Amino acid sequence: MTSQTKSEKDRVVIFDTTLRDGEQCPGATMTHEEKLEVAALLDEMGVDVIEAGFPIASEGDFAAVNEIARRAKNSVICGLSRASPKDIDRCAEAIKPAKRKRIHTFLSTSPVHMKYKLMKEPHEVYEMVIGQVTRARSHTDDVEWSAEDGTRTEHDFLCRCVEAAIKAGAGTINLPDTVGYSYPTEYADMFRDILHNVEGADRIILSTHCHNDLGLAVANSLAGVEGGARQVEVAINGIGERAGNAALEEIVMALKVRGDALPYHTGVETQHITRASRYVSAITGFPVQFNKAIVGKNAFAHESGIHQDGMLKDRGTYEIMSPETVGQGASNLVMGKHAGRAGFREKLRTLGYELGQNALNEAFQRFKDLADKKKHVFDDDIVALVDDALASGADRIQVKNLRVIAGTEGPQEAFLTVTIDGEEKSANATGDGPVDAVFNAIHKVAPHEAILRLFQVHAVTEGTDAQAQVSVRLEEDGRIATGQAADTDTLTASAKAYINALNNLTARKEKTDPGAIASGF
Ligand code: KIV
Ligand code: ZN
């Protein structure tokens, strides 16, 4: 059971749900390989618990949780389950290979959820709480129970359910603000109240899980800690249902920077934060707003003359933390095209990549190609090209060749050659602009019904020779898939990102059984 000794009472457990609450929000779907990469980043970063998915939801979810469980080095690997024995058993099966494993089982306790969603009476829900925790404990010692819609639950009933869950063996009790309705002082009081009134609450870990519907997720989570919670549920970039969850980077840095006001600490190695944020943004296609705290492009930019003057005299005038603390240091010039393989491998290692021999060879070749085209190759370029290779490496359809006629005199036309399972196929198409022409050509070589939902381009670094990082989101029959690619040629990156999304959509169709997960318990 992950319970703390009194000497650790000021440590806050970081429970990351990017791969579960984050991934389940519309458009944020990730491929199997992307989920493994996110989990590896979180594990390396020192996240205590990784909620890797909802194993009963689909074969794909099960496979991802199972593989993450096999690979995790330090983090506890957690799966989510509803209250039914089938859900819980499937979750237990998925997390089995993990060195440290947790079952997170939840049930709604608010009047509105019990009446309309569960269609159960409170006494039935109460019995189900005992049943689900007992069942989960038969599989593992580390069980978390969540009172879904906890903040809108009637006080006495919440206390009874929490007490029952603790007696049945839950080591962590999570009290979510499922609909993002709570206010910081109320949320803090709820934890104080539970600690004061529920027998056994001081021997387990209380947890926050806050949604951001009123923009209060981080404030509420920190208030929860002040009220006695010692686990905070978060997601990278704050992704999650609707307006999202509390952002990992904001919680961790608030606790680090304001130790004087909040005397609690986490085990997160904060220099990994920016890389994780950029990776999650690239694979989901969810941009990080420029002025986003901690990870936004402008989070450490000082534009006005007065600020710049102050910064030159003493950084402390306008900086409460250094960009390096969160891995947002100036992007380093890497090496020129004469760099050797050993130096390149060492650079990858410092950027957090441990690649196998084949992947290393491929990344090195891509680096050489890039260094031929681009005067200065920066760390961010290397990250983009390796992430790109990881994203598209196993794709059935690959771009082989692209030539585009663009400019003021139409029509714009694209000539495209791809390989599909190794076999070459070519087509040309015109369009309303060069990007449209490229996408129309893709339609001809790989006919499909998917609708383009997002097309987004970012420059990886500064300068006109910067790589373009493109994200594309496609939707077909309610299934959504995102693709990404980077290239110094924006149109090539666009073609590759579209094709990567198409490959991911096909993989998703093969793996997902959308009927498997119905609402309810
Ligand atoms: O928001 C919520 O209540 C949840 C639970 C499943 C913990 O995500
Ligand atoms: Zn949630």
Side-chain angles (χ1 to χ4, degrees), residues 2-17 21 46-49 109 144-153 155 158-159 161-163 165-166 170-235 238 240 243-268 270 273 293-294 320-321:
T2 314
S3 63
Q4 291 164 308
T5 62
K6 283 293 172 197
S7 61
E8 287 180 302
K9 71 180 194 320
D10 297 333
R11 176 173 161 113
V12 173
V13 173
I14 295 296
F15 175 114
D16 182 276
T17 187
D21 210 317
V47 160
D48 299 286
V49 186
T109 49
E144 170 172 337
W145 179 75
S146 281
E148 192 186 4
D149 207 14
T151 51
R152 294 193 301 170
T153 297
H155 171 266
L158 183 63
C159 289
C161 288
V162 169
E163 191 170 320
I166 294 172
T172 302
I173 299 287
N174 183 35
L175 303 176
D177 185 25
T178 303
V179 292
Y181 180 73
S182 202
Y183 195 74
T185 43
E186 273 170 15
Y187 200 55
D189 284 347
M190 182 172 75
F191 285 92
R192 286 192 192 102
D193 194 67
I194 294 285
L195 276 169
H196 196 249
N197 291 311
V198 175
E199 203 190 314
D202 56 342
R203 291 195 307 275
I204 54 96
I205 291 180
L206 293 176
S207 169
T208 69
H209 177 108
C210 297
H211 281 271
N212 206 28
D213 301 66
L214 292 174
L216 291 172
V218 168
N220 280 335
S221 305
L222 295 174
V225 172
E226 286 196 308
R230 288 295 177 269
Q231 175 177 286
V232 179
E233 302 199 352
V234 290
N245 288 88
L248 176 144
E249 59 277 9
E250 294 178 27
I251 294 288
V252 167
M253 289 313 291
L255 291 172
K256 191 176 170 104
V257 173
R258 292 309 310 274
D260 57 329
L262 286 159
Y264 311 106
H265 61 275
T266 75
V268 171
T270 57
I273 282 178
I294 317 296
I320 57 165
M321 59 195 149

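Computed from a predicted structure; not experimentally measured. Along the sequence shown, residues carry numbers from 1.
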Using side-chain heavy atoms (C-beta onward) and a distance below 4.5 Å, is [X] in contact with [Y]?
X: Leu248; Y: Val47; result: yes
X: Asp177; Y: Asp213; result: no
X: Met253; Y: Ile273; result: yes
X: Lys256; Y: Thr266; result: no
X: Leu158; Y: Met190; result: yes
X: Tyr264; Y: Arg230; result: yes
X: Val12; Y: Ile251; result: no
X: Tyr183; Y: Leu216; result: yes

Asp48 side chain to Ile14 main-chain N or O, any donor-acceptor pair under 3.5 Å?
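Between the backbone of Ile14 and the side chain of Asp48 there is a qualifying donor-acceptor contact (under 3.5 Å).
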Please answer whether the main-chain N or O of Asp189 pairs with a side-chain N or O of Asp193 as donor and acceptor at a distance below 3.5 Å.
no
Step by step, would you call Thr178 with Asp149 a side chain to side chain donor-acceptor pair (under 3.5 Å)?
CA-CA 5 Å; Thr178 303; Asp149 207 14; 4.7 Å; no
Among Asp21, Asn220, Thr17, which residue meets the side chain to side chain donor-acceptor pair (under 3.5 Å) test with His209?
Asp21
Partner of Ser146 under side chain to side chain donor-acceptor pair (under 3.5 Å), chosen from Thr109, Thr172, Asn174
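Single side chain to side chain donor-acceptor pair (under 3.5 Å) partner of Ser146 among Thr109, Thr172, Asn174: Asn174.
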If you count heavy atoms of other groups shown closer than 6.0 angstrom to NE2 of His196, is the number above 12?
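Not buried by this count: 12 neighbours or fewer within 6.0 Å.
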Where is the tightest heavy-atom contact between [X] and [Y], given as atom of each residue plus distance?
X: Pro263; Y: Asp10; value: O-CB, 3.6 Å
X: Ala223; Y: Ala188; value: O-CB, 3.3 Å
X: Ala229; Y: Thr208; value: CB-CG2, 3.6 Å

To the nearest 0.5 angstrom, please state how far the [atom1] atom of [X] sits from the [atom2] atom of [Y].
X: Glu163; Y: Ile194; atom1: CD; atom2: CD1; answer: 10.0 Å
X: Glu148; Y: Thr153; atom1: CD; atom2: OG1; answer: 9.5 Å
X: Asn245; Y: Glu233; atom1: CG; atom2: CD; answer: 8.5 Å
X: Leu206; Y: Leu195; atom1: CG; atom2: CG; answer: 5.0 Å
X: Trp145; Y: Ile204; atom1: CH2; atom2: CD1; answer: 11.0 Å

Going by the angle between their ring planes, with limits at 30° and 60°, are Phe191 and Tyr187 parallel, tilted or perpendicular?
perpendicular
Check the pair Val234, Glu250 against side-chain contact (heavy atoms from CB on, under 4.5 Å), reporting the backbone distance first and the verdict last.
CA-CA 9 Å; Val234 290; Glu250 294 178 27; over 6 Å; no
Begin from the C-alpha positions of Thr151 and Glu186 and carry the test side-chain contact (heavy atoms from CB on, under 4.5 Å) through to its verdict.
CA-CA 9 Å; Thr151 51; Glu186 273 170 15; over 6 Å; no
Tell me which one of Cys210, Ser221, Ser207 satisfies side-chain contact (heavy atoms from CB on, under 4.5 Å) with Val232.
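It is Ser221; the other options fail the test.
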Verdict with reasoning, Leu222 to Leu255, per side-chain contact (heavy atoms from CB on, under 4.5 Å):
CA-CA 8 Å; Leu222 295 174; Leu255 291 172; 4.1 Å; yes
